[in-house]
Every structure is written in structure tokens, then in C-alpha cells.
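We use all heavy atoms of the structure for the numbers below, so side chains are in, but hydrogens, waters and symmetry mates are not. Quick caveat: nothing in here was measured; it's all calculated off a predicted structure. Residue numbers count from 1 along this sequence.
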Amino acid sequence: CAPRGERATWVLNVQVGTESISPLLWAISTGSLEASKAITIDLLTIRADRDNYYFGADFLFERHPDIVKRLTLDAPGLLPTFLDGFIWRSRNTENGQRRVNYWIKHFLVDAEGNFSQNIEWLVGFGD
């Protein structure tokens, strides 16, 4: 089992000889949707220990800035699972309401601080 701080790296980057392979993209490109779904859920699950919180979204978009485009083209059935990974729901309710946080940074801004194409790709997908 991967240590929490390295977990995202393990599912996004495997060195095979001189090549760097992404198990996530490999699973998507070969049509292994169940494996892709399991990797996506694991990658976007928020984990914590005494010192830190761990969330693989930054690693995901650093390694695959075009992941939204790849999903819309090659694995649209994974989009609901993928998008659900960017929502945190509190387990507590107060007056019948539940606190929810949405992580939208990577959908709006790319690594250079410019408007991200992710929203454009999602809108272009039309779902």
C-alpha cells in the first residue's frame, strides 16, 4: 500500500525502462473502465493524517492537464465519477442542511494562471 503522500504519484506515473506510463491513461485508452473508475475514486478521495490532508487533484492536473478532454473523448461514462471527486460533503447535518465544498480551481485556471480549457471541453461535450 502506498504511503498517503505518494499515493497519487503511484497511480499517475510508473517508470518502465526509459518510459513514463500513467496507469490511469493506460486504463482509459484500453477501455478498462472499471480500473479507470477505481483509480479515479482512489485519486480523488480526500485523506488525512495528523499533519496533512491529501487530495490527488493537483497531481492529476499536473500530470494530465487535458484529462477532461480525454474523458469526454475516450471515457464519457467516467465523467460523473470524475466530477463527483471534486465535491466534499460533510457527514453532519444542521437544520436539514449539509455543508458542501466544490473544488473548481482546475476547471477554471490552468497551471500558468490562464483560463483553463476544461470548462470549454465540458461545454463542448454537451452533457
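More than 12 heavy atoms of other residues, nucleotides or ligands sit less than 6.0 Å from atom CD of Gln15. Heavy atoms of other residues, nucleotides or ligands lying less than 6.0 angstrom from CZ of Phe115 number more than 12.
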Problem - Derivation and outcome, side chain to side chain contact (heavy atoms under 4.5 Å, CB included), residues Arg47 and Asn52 - result: CA-CA 8 Å; Arg47 294 181 173 82; Asn52 294 303; over 6 Å; no
Exercise for the section: Would you please test Val11 and Leu24 for side chain to side chain contact (heavy atoms under 4.5 Å, CB included) and show each step? Expected result: CA-CA 6 Å; Val11 297; Leu24 175 60; 5.9 Å; no
Handout entry: CA sep, side-chain torsions, deciding dist, call: Asp49, Tyr54, side chain to side chain contact (heavy atoms under 4.5 Å, CB included)
Key = CA-CA 8 Å; Asp49 59 25; Tyr54 302 97; 3.0 Å; yes
Exercise for the section: Please lay out, stage by stage, how Val68 and Phe61 fare under the test side chain to side chain contact (heavy atoms under 4.5 Å, CB included). Expected result: CA-CA 9 Å; Val68 172; Phe61 282 95; 4.3 Å; yes
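Closest non-hydrogen pair, Asp66 versus Trp121, comes out as CA-CZ3, 3.8 Å. Closest non-hydrogen pair, Arg98 versus Arg89, comes out as CD-CB, 4.0 Å. Here the closest heavy-atom approach between residue Ser22 and residue Arg63 is recorded as N-NH2, 3.5 Å. Counting all heavy atoms, side chain and backbone alike, Asn118 lies closest to Pro65 at OD1-O, 3.7 Å. In plain terms, the two heavy atoms of Gly56 and Leu44 that are nearest each other are C-CD2, 4.4 Å.
Here the side chains of Leu122 and Leu79 are in contact, with some heavy-atom distance below 4.5 Å. Between Asp42 and Trp10, every side-chain heavy-atom pair lies at or beyond the 4.5 Å cut-off.
Trp26 and Phe82 sit in two unconnected hydrophobic clusters of ILVMFWY residues. Membership requires side-chain heavy atoms under 4.5 Å apart, directly or through other members. There is no path of hydrophobic side-chain contacts, each under 4.5 Å, that joins Ile41 to Leu60. When the side chains of ILVMFWY residues are joined at heavy-atom separations under 4.5 Å, either directly or via intervening members, Leu12 and Ile21 end up in two distinct hydrophobic clusters. Hydrophobic clustering (side-chain heavy atoms under 4.5 Å, transitive across Ile, Leu, Val, Met, Phe, Trp, Tyr) keeps Val16 apart from Leu25. The same ILVMFWY cluster, assembled from side-chain heavy atoms under 4.5 Å apart, contains both Ile104 and Leu71.
Taking CG of Leu78 as the reference point, atom OG1 of Thr72 lies at 11.5 Å (rounded to 0.5 Å). Between Leu43 atom CG and Thr9 atom OG1 the span is 9.5 Å, to the nearest 0.5 Å. For the atom pair NE2 of His64 and NZ of Lys69, the computed distance is 15.0 Å after rounding to the nearest 0.5 Å.
Ring to ring, Phe59 and Phe55 are not that close: their centroids are 6.0 angstrom or more apart.
Under the ring pair (Phe, Tyr, Trp, His ring centres under 6.0 Å) criterion, Trp88 pairs with no residue, sequence neighbours left out.
When atom types are taken as modelled, the side chain of Asn95 and the backbone of Gln97 share no donor-acceptor pair closer than 3.5 angstrom.
Between Ile28 and the choices Ile39, Leu33, Ile67, the side chain to side chain contact (heavy atoms under 4.5 Å, CB included) rule is met once, by Ile67.
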